[in-house]
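Remember, predicted model here, so these are calculated numbers, not experimental data. Values below: all heavy atoms of this structure, side chains included; hydrogens, waters and symmetry mates excluded. Read the numbers this way: they start at 1 and go in the same order the structure lists the ligands and their atoms.
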Amino acid sequence: MVSKLAQQGVQDPWVLQSIGRVDRHLFVASALANQAYENTSLPIGFGQTISKPNVVARMIELLRHGANGRLGRVLEIGTGCGYQAAVLSHMASEVYSIERVRGLHEQAKEHLRPFRLPNVHLIFGDGMKGYPKGAPYAGIISAAGGDQVPSTWLDQLAVGARLVAPTMTPAGHQALLVVEKTASGYERQVLEAVHFVPLKSGVE
Ligand code: SAH
């Protein structure tokens with residue numbers, strides 16, 4: 001899977017190495033394990049999906065933006081099965097990952113337990129509020145897309161840090177949005193079209 005990602009243009013060695021360190025099949029139901037290394041999204045229960053590996057790689061590469069070494073504290077919105085949190089744990093000092101569906105939060109804890117990743121902190125709650133306790137973040141990544149980016153996420157970014165999230169464009173389709181916080185404001189870039197599950201408020 002890692003060599004395929006490299007062929008598809010993923011260049012950041014930290015991203016490739018970190019993906020290579022996490023067995024993706026351990027995060028999906030055993031009936032799907034044989035598809036775990038294909039470039040496909042897979043169901044993880046509760047109507048949610050784990051993103052395609054090339055989308056995970058692309059988003060983390062955008063988040064890192066060629067950083068030299070590990071990132072500092074990173075916030076992930078949408079823990080899902082916990083796969084991306086595990087990948088992020090190898091390239092960030094601390095990973096705070098928040099999930100609004102209790103069943104998924106509990107399942108992610110089970111998935112991550114054998115990996116013994118002391119720098120991953122799983123939180124049950126509404127990620128639209130961000131997670132102020134870990135702020136400011138060196139990066140924020142969302143695995144769910146809303147109509148716009150909640151202002152709390154921008155508030156919780158450190159200067160020089162990036163937010164990567166799927167968001168609705170004015171044209172009415174979902175695309176990847178990168179926002180960089182600078183000393184004087186925010187720089188936004190809208191990139192390629194993507195298909196993520198909806199960002200929802202509240203918990204269930
Ligand atoms: N990164 C995950 C992808 C999960 S899919 C993985 O590796 O498996 C996106 C997840 O975002 C879903 O589990 C969904 O429940 C969650 N989500 C949607 N809105 C949310 C919110 N406001 N706060 C936290 N999680 C949210």
Find all atoms of ligand 1 within a distance of less than 4.0 Å from any non-hydrogen atom belonging to [X], and give their numbers and elements.
| X | value |
| --- | --- |
| Leu104 | 13 (O) |
| Lys200 | 18 (C), 19 (N), 20 (C), 21 (C), 22 (N) |
| Ala144 | 11 (O), 18 (C) |
| Val101 | 15 (O) |
| Met128 | 22 (N) |

Check whether any N or O atom of [X], backbone or side chain, sits under 3.5 Å from an N or O atom of ligand 1, and answer yes or no.
| X | answer |
| --- | --- |
| Val197 | no |
| Gly78 | yes |
| Glu76 | yes |

Closest heavy-atom pair and its distance - [X], [Y]:
| X | Y | answer |
| --- | --- | --- |
| Leu157 | Lys181 | O-NZ, 3.0 Å |
| Ala92 | Gly72 | CB-O, 3.4 Å |
| Gln107 | Phe46 | OE1-CE1, 4.4 Å |
| Arg73 | Gly134 | NE-O, 2.6 Å |
| Tyr137 | Ile140 | CB-CG1, 3.9 Å |

Can you tell me which portion of [X] lies within the under-4.0 Å heavy-atom range of ligand 1? Options are side chain, backbone, both, or neither.
| X | value |
| --- | --- |
| Gln84 | both |
| Pro198 | backbone |
| Leu199 | both |
| Thr49 | backbone |

State whether Tyr37 and Arg24 meet the cation-pi test: NZ (Lys) or CZ (Arg) under 6.0 Å from the six-membered ring centroid, and within 45° of the perpendicular axis.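 Output no; distance or angle outside limits.
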Side chain to side chain, Arg64 and Leu71, heavy atoms closer than 4.5 Å: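 Side chain of Arg64 against side chain of Leu71, heavy atoms only: contact under 4.5 Å found.
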Given Val2, Leu5, Val56, Val10, the one that forms side-chain contact (heavy atoms from CB on, under 4.5 Å) with Val15: Val10
Considering only heavy atoms, which of Ile141, Ile98, Thr79, Val203 lies nearest to atom 2 (C) of ligand 1? Thr79
How close does the nearest protein non-hydrogen atom get to [atom], and which residue and atom is it?
| atom | value |
| --- | --- |
| atom 20 (C) of ligand 1 | Arg100 CD, 3.3 Å |
| atom 12 (C) of ligand 1 | Gln48 OE1, 3.3 Å |
| atom 9 (C) of ligand 1 | Ala143 O, 3.3 Å |
| atom 16 (C) of ligand 1 | Glu99 OE1, 3.4 Å |

Indicate whether any N or O donor in one side chain lies under 3.5 Å from an N or O acceptor in the other, for Gln17 and His90. no
Lys109/Glu106 salt bridge by N-O under 4.0 Å criterion: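 The answer is yes: the pair qualifies as a salt bridge.
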Other residues, nucleotides and ligands only: do more than 12 of their heavy atoms fall within 6.0 Å of NE2 on His195?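 Incorrect, the count does not exceed 12.
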